[in-house]
Amino acid sequence: MTYKRIHNFNAGPAALPIEVLEEIKTDLIDYKGNGLSVLEMSHRSKAYDEIIKNAEKDMRELLGIPDNYTVMFLQGGATLQFAMVPLNLLPDNKPADYINTGTWSTKAIEEAQKLGKTPRVIASSEDKEFTYIPKNFTINKDSAYLHITSNNTIRGTEWQSFPETNGIDLVCDMSSDFCSRPVDVKKFALIYAGAQKNVGPAGATVVIIRNDLLERSPKNIPTMCNYKIMAKEPSLYNTPPAFTIYVIGLVMKYLKKIGGLEKMYEMNKAKAKILYDRLDKNDFYRGTVEKDSRSLMNIPFRLKNEQLEEKFLKEAKAAGMEGLKGHRSVGGVRASLYNAVPKESVQALVNFMDEFEKKNS
């Protein structure tokens, strides 16, 4: 069946692979002959037990997650993890180091402060409006952990390689580039990621935690914020975001089918190159990020003035391109090129940019 599909550049919830959407459509009324939808079935049923276990199994294979790590599918988004991380891993008598690369890093620092914890900002790119990833910093030896945000959706920066921590536990908010490229999970003590960028719809947050850290969870924190309790009842302490986890499982199978994260990374680099090459062509469009910190996922840019940007966005939308408006905190234009955004959409955007420049230069 042929569908009318626009070019989806939304920053999240974001595009999903067509074949995943097709399978969802097939399963929505009657899941695999069970006579009911995933939206209706019990999370304690045999059918759902297979769904959640297979989603974790395939994620472990894709990312090479070692056996001494626990995978959880939790609720509350990455924003809840801003508080859960210090609640579980940061004792009252210890500090933790944070690197501030923009909005979501800033919020993570603020949430730790609200809890009366001690987050130390050892590096920040605020001096240049968060347009680069800091390179010069020293991690304190007494730190409980180092927290970073791997990709900044709003500012368009991304860690090209992850810092060496010399034994300090590395915690990473990987929400907007999770499963977009291979990573060595063993480098991290904890990874968390909202599903709604690359691996599913909104509603679930993937948490990958090294098992020894579970013993740090204090008994006096809220049950739903306790990693040890959530791990003991594998993502099933209460009713989980069942449908989102089901879709995550489908996306994991899709990623395995296309060749894994190495193949996805090559595809993402090729897509981003098309748009970055256009931005570097002349000064009609201006990229806002230093070249060695550019994100493959979120590409912000500006035009000569806000009036021209508004015209660009209006005409792009009329041409079938959705989600190009920059975040309200910074303005401008932003194209999010998550895994499921096809190369053809990026080329269509660049073609539109060429035509718009001809008409407005």
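Remember, it's a predicted structure, so these values are computed and weren't measured experimentally. Scope of the values below: all heavy atoms of this structure, side chains included, with no hydrogens, waters or symmetry mates.
Contact of the Val207 side chain with the Val71 side chain is not registered, since no non-hydrogen atoms from C-beta on lie closer than 4.5 Å.
Side chain of Asn198 to main chain of Tyr338: no donor-acceptor pair is present (N/O by atom type, distance under 3.5 Å, no hydrogens or angles). Judged by distance alone, with hydrogens and angles left aside, the side-chain atoms of Asn10 form no donor-acceptor pair with the main-chain N or O of Gly12 at under 3.5 Å. Checked by atom type and distance alone, the side chain of Lys256 never pairs as donor or acceptor with a backbone atom of Asp58 at under 3.5 Å. Side-chain atoms of Thr26 come within 3.5 Å of backbone atoms of Glu22 as a donor-acceptor pair (strictly under, hydrogens ignored). In this structure, the side chain of Ser125 does not engage the main chain of Thr131 through any donor-acceptor pair within 3.5 Å. A donor-acceptor pair under 3.5 Å links the side-chain atoms of Asn339 to the main chain of Cys179, judged by distance alone. A donor-acceptor distance shorter than 3.5 angstrom exists from the side chain of Asn34 to the backbone of Tyr31, with no hydrogens or angles considered. Using a distance-only test at 3.5 Å, with no hydrogens or angles considered, a donor-acceptor pair links the side chain of Ser37 to the main chain of Leu39.
Between Lys32 and Glu23 there is a salt bridge, since a side-chain N of the basic residue sits under 4.0 Å from a carboxylate O of the acidic one. Between Glu158 and Arg181 there is a salt bridge, with a side-chain nitrogen of the basic residue lying less than 4.0 Å from a carboxylate oxygen of the acidic one. With salt bridges taken as basic N to acidic carboxylate O contacts below 4.0 Å, none links Asp277 and Lys281. A salt bridge links Lys57 to Glu61: at least one charged side-chain nitrogen sits closer than 4.0 Å to a carboxylate oxygen. Taking 4.0 Å as the cut-off between side-chain N and carboxylate O, Arg120 and Asp142 count as a salt-bridged pair. We find that Arg155 and Glu129 are not joined by a salt bridge, their nearest charged nitrogen and carboxylate oxygen being 4.0 Å or further apart. A salt bridge is defined here as a Lys NZ or Arg NE, NH1 or NH2 lying under 4.0 Å from an Asp or Glu carboxylate O, and Glu56 with Arg60 meets this definition. Salt bridge Asp177/Lys197: absent, no basic N to carboxylate O contact under 4.0 Å.
Side chains of Asn140 and Asp97: a donor on one and an acceptor on the other come within 3.5 Å. Between the side chains of Asn351 and Gln347, at least one donor N or O sits under 3.5 Å from an acceptor N or O.
Transitive grouping of hydrophobic side chains (ILVMFWY, heavy atoms separated by less than 4.5 Å) brings Val346 and Leu279 into a common cluster.
Shown are Glu315, Lys304, Lys311; of these, the side-chain hydrogen bond (donor to acceptor under 3.5 Å, both in side chains) with Asn360 is made only by Lys311. For the side chain to side chain contact (heavy atoms under 4.5 Å, CB included) test with Arg210, the passing option among Leu190, Thr70, Asp169 is Asp169; the others fail.
Heavy atoms of other residues, nucleotides or ligands lying less than 6.0 angstrom from OH of Tyr237 number 12 at most. More than 12 heavy atoms of other residues, nucleotides or ligands sit less than 6.0 Å from atom CG of Leu308. Heavy-atom contacts from other residues, nucleotides or ligands closer than 6.0 Å to CD of Glu126 number 12 or fewer. The environment of CZ in Arg328 is sparse: at most 12 heavy-atom neighbours from other residues, nucleotides or ligands sit within 6.0 Å.
Between Phe352 and Phe312, the gap from one ring centroid to the other is short of 6.0 Å. Checked against the 6.0 Å centroid criterion, the rings of Phe162 and Phe188 qualify as a close aromatic pair. Tyr98 has its ring centre less than 6.0 Å from the ring centre of His147.
A distance of 4.5 Å separates CD1 of Ile52 from OG of Ser235, quoted to the nearest 0.5 Å.
A cation-pi arrangement is present between Lys269 and Tyr265 under the rule of less than 6.0 angstrom and at most 45 degrees off the ring axis.
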